[in-house]
Colleague: 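Below is the structure I would like to discuss, written out as structure tokens.
The figures that follow rest on heavy atoms only: side chains count, while hydrogens, waters and symmetry mates do not. When a ligand or atom number is given, it counts from 1 through the structure's own listing order.
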Amino acid sequence: MATTRPVVLVTGASSGIGKEAARAFVTAGFEVIGTGRKTSGLTPPAGVTYLDLDVASDDSATAAVGEVIDRFGRIDVLVNNAGVGSAGAVEENSVAQAQNVLNINVLGVIRMTKAVLPHMRAQGGGRIINISSVLGVAPQPFMALYVAAKHAIEGYSESLDHEVREYGVRVLLVQPAYTKTSFDTNAAQPDTPLPLYAERRRVFDEVIADAMKGGDAPAVVAKVIVTAATDKKPKLRYAAGPLASRVTTARRLVPAGVFDKQIRKNNRLPT
Ligand SMILES: NC(=O)c1ccc[n+]([C@@H]2O[C@H](COP(=O)([O-])OP(=O)(O)OC[C@H]3O[C@@H](n4cnc5c(N)ncnc54)[C@H](OP(=O)(O)O)[C@@H]3O)[C@@H](O)[C@H]2O)c1
């Protein structure tokens with residue numbers, strides 16, 4: 001069933017930002033395929049086709065992309081949105097836990113990117129939109145695994161964009177700040193907790209809970225994702241929402257020492 005509409009594949013579209021992005025792409029006139037690990041029994045938003053995909057599996061990534069190509073004939077836009085948060089001090093996350101978080105958040109993006117690139121090159125164009133975060137350019141204590149993953153995605157995307165631009169393919173980054181989804185409740189919790197960090201972790205939980213209360217609606221990020229997919233002159237990075245714009249601008253312009261002090265203040269760490 002080839003389609004005349006542009007085809008977008010949104011990973012992690014069973015909830016949160018991905019689900020809202022899938023809705024926004026339907027409104028923008030796209031053929032929309034959204035994924036979750038287990039979509040049977042879920043009701044997709046109107047106009048969205050759900051597919052099963054576990055980005056932590058090579059076979060699943062290859063099969064999902066193959067199925068979209070078989071059914072719809074092409075993939076114009078891939079949104080690498082699936083991801084998981086992490087909490088805890090670095091000493092409280094086992095290496096196995098680090099492997100799991102990085103497998104989803106970094107290798108998941110790499111698997112999906114490698115699976116779609118041959119098709120995009122063959123069709124003479126496409127866009128890969130990687131959902132980063134303000135934590136792709138700024139630190140966040142007690143979330144180091146997640147921050148490491150998003151920093152990796154920033155460097156990967158910017159490098160790859162230079163490799164594939166001459167084939168008509170662009171690789172772009174969308175950087176949300178706090179967004180009201182189930183992200184914090186779905187985050188990997190420390191699997192080797194240490195009493196030493198218990199109080200700091202309690203404060204961290206409060207800081208994040210407060211920030212989430214003032215977070216953006218997922219629709220704010222969804223709109224920016226559609227803009228990245230459709231901009232005539234695409235930019236490498238799109239901050240999503242006013243807080244994200246402030247943080248990414250501050251990261252570029254504020255002296256390192258001042259930025260460092262602010263991070264400690266925000267996280268109620270001794271200065
Ligand atoms: N919320 C925020 O404050 C915030 C801020 C900056 C960036 N982000 C980024 O935005 C993206 C979406 O997060 P969200 O806030 O919408 O969180 P969310 O509501 O928890 O959604 C995460 C999505 O990822 C999917 N997923 C998780 N593990 C997966 C796997 N192994 N394979 C395939 N899909 C998987 C989930 O689907 P299933 O569980 O159904 O598989 C779900 O659809 C993430 O990349 C996150 O890092 C979020």
Colleague: Would you call Lys233-Asp231 a salt bridge at under 4.0 Å N-O?
Modeller: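 No, this pair does not count.
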Colleague: So do the side chains of Lys180 and Met212 get within less than 4.5 Å of each other, counting heavy atoms only?
Modeller: no
Colleague: Judged on heavy-atom distance to atom 4 (C) of ligand 1, which of Ala177, Ser133, Ser60 sits nearest?
Modeller: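 Going through Ala177, Ser133, Ser60 one by one, Ala177 has the nearest heavy atom to atom 4 (C) of ligand 1.
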Colleague: So if I count the atoms of ligand 1 from 1 in the order they appear, which ones are less than 4.0 Å from some heavy atom of Gly16?
Modeller: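 Here the atoms of ligand 1 in question are 16 (O), 19 (O).
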Colleague: At the 4.0 Å heavy-atom cut-off, does Met212 count as touching ligand 1?
Modeller: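 The answer is yes: ligand 1 sits under 4.0 Å from a heavy atom of Met212.
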Colleague: Looking only at the side chains, is there a donor atom on one of Asn81 and Thr11 sitting less than 3.5 Å from an acceptor on the other?
Modeller: no
Colleague: With a heavy-atom distance limit of 4.0 Å, tell me whether Thr181 approaches ligand 1 through its side chain, its backbone, both, or neither.
Modeller: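 It is the side chain that gets close, since no backbone atom is under 4.0 Å.
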Colleague: Compute the shortest N/O to N/O distance between Val55 and ligand 1 and return yes if it is under 3.5 Å, no if not.
Modeller: yes
Colleague: May I ask you to establish whether Arg201 and Phe142 are in a cation-pi arrangement, using a distance under 6.0 Å from NZ or CZ to the six-membered ring centre and at most 45° from the ring axis?
Modeller: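 No cation-pi geometry.
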Colleague: Closer than 4.0 Å to some heavy atom of Leu53 - which atoms of ligand 1 meet that?
Modeller: 32 (N), 33 (C)
Colleague: For atom 9 (C) of ligand 1, tell me which residue out of Tyr178, Tyr50, Tyr146 has the closest non-hydrogen atom.
Modeller: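 Nearest option to atom 9 (C) of ligand 1, by heavy atoms: Tyr146.
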Colleague: If you take the nearest heavy atom of each of Ile104, Ile17, Asp54, Asp216, which one is closest to atom 10 (O) of ligand 1?
Modeller: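 The residue whose heavy atom sits nearest atom 10 (O) of ligand 1 is Ile17.
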Colleague: Taking the minimum heavy-atom distance to atom 35 (C) of ligand 1, which of Ala222, Ser132, Ser15, Ala82 ranks first?
Modeller: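 Nearest option to atom 35 (C) of ligand 1, by heavy atoms: Ala82.
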Colleague: Tell me, which protein residue and heavy-atom name are nearest atom 12 (C) of ligand 1, and how many Å apart are they?
Modeller: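 Of every protein heavy atom, Asn81 OD1, 3.2 Å lies nearest to atom 12 (C) of ligand 1.
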Colleague: Could you tell me if any non-hydrogen atom of Val84 lies under 4.0 Å from any atom of ligand 1?
Modeller: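 Checking ligand 1 against Val84, which is what was asked, there is no heavy-atom contact under 4.0 Å.
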Colleague: Side-chain donor-acceptor pair under 3.5 Å between Glu154 and Ser132, yes or no?
Modeller: yes
Colleague: Residue-level breakdown please: for Thr39 versus ligand 1, do any non-hydrogen atoms fall below 4.0 Å on the side chain, on the backbone, on both, or on neither?
Modeller: neither
Colleague: Test of understanding: given a 4.0 Å heavy-atom threshold, classify the contact between Lys150 and ligand 1 as side chain, backbone, both, or neither.
Modeller: side chain
Colleague: Between atom NZ of Lys265 and atom CG of Asp260, what is the distance when rounded to the nearest 0.5 Å?
Modeller: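 The CG atom of Asp260 is 13.5 Å from NZ of Lys265, to the nearest 0.5 Å.
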Colleague: Would you say the rings of Tyr146 and Phe183 are close, in the sense that their centroids are separated by under 6.0 Å?
Modeller: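 They qualify: ring centres under 6.0 Å apart.
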Colleague: Could you pull out the closest heavy-atom pair between Val226 and Ala24, with the gap in Å?
Modeller: CG2-CB, 3.7 Å
Colleague: Between Lys213 and Asp210, does at least one N-O distance fall below 4.0 Å, as a salt bridge requires?
Modeller: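 Answer for the salt bridge query: yes.
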Colleague: Does the side chain of Ile225 come within less than 4.5 Å of Ile17's, by heavy atoms?
Modeller: yes
Colleague: Could you tell me the residue and atom name of the protein heavy atom closest to atom 25 (C) of ligand 1, and the distance to it rounded to 0.1 Å?
Modeller: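 Minimum-distance protein heavy atom for atom 25 (C) of ligand 1 reads Gly12 CA, 3.7 Å.
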Colleague: Backbone, side chain, both or neither: what part of Lys19 comes under 4.0 angstrom of ligand 1, heavy atoms only?
Modeller: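 Under 4.0 Å from ligand 1, Lys19 contributes no heavy atoms.
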Colleague: Looking at atom 40 (O) of ligand 1, what's its closest protein heavy atom, distance included?
Modeller: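 Protein heavy atom with the smallest distance to atom 40 (O) of ligand 1: Ser14 OG, 2.7 Å.
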Colleague: Where is the nearest protein heavy atom to atom 22 (C) of ligand 1: which residue, which atom, and how far?
Modeller: Gly83 O, 3.7 Å
Colleague: Counting non-hydrogen protein atoms only, what is the nearest one to atom 13 (O) of ligand 1? Give residue, atom name and distance.
Modeller: Phe183 CD1, 4.2 Å
Colleague: Which heavy atom of the protein is the closest neighbour of atom 20 (O) of ligand 1, given with residue, atom name and distance?
Modeller: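 In this structure, atom 20 (O) of ligand 1 has Asn186 ND2, 2.8 Å as its nearest protein heavy atom.
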Colleague: So with a 6.0 Å cut-off around NZ of Lys223, is the heavy-atom count from everything else above 12?
Modeller: no
Colleague: With sequence neighbours left out, write down each residue that passes side chain to side chain contact (heavy atoms under 4.5 Å, CB included) with Thr113, or none if nothing qualifies.
Modeller: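 Testing Thr113 for side chain to side chain contact (heavy atoms under 4.5 Å, CB included), a comparison that skips the adjacent residues, returns Asn80, Val109, Leu117, Ile128, Tyr156, Leu160.
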Colleague: Please find the pair of heavy atoms, one from Arg111 and one from Asp58, that lie closest to each other, and give the distance.
Modeller: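 Nearest heavy atoms, Arg111 then Asp58: NE-OD1, 2.5 Å.
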Colleague: What residue and heavy atom of the protein are closest to atom 28 (N) of ligand 1, and at what distance?
Modeller: Arg37 CZ, 3.5 Å
Colleague: Polar-atom distance check: Thr179 versus ligand 1, any N or O pair below 3.5 Å?
Modeller: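 Between Thr179 and ligand 1 (N or O atoms, distance only) the closest approach is under 3.5 Å.
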Colleague: Identify, by atom number and element, the atoms of ligand 1 in contact range of Ala13, meaning under 4.0 Å from any of its heavy atoms.
Modeller: 43 (O)
Colleague: Are Lys261 and Phe259 in a cation-pi setup, meaning NZ or CZ lies under 6.0 angstrom from the ring centre and within 45 degrees of the ring axis?
Modeller: no
Colleague: Quick one: does Ser182 get within less than 4.0 Å of ligand 1, heavy atoms only?
Modeller: yes
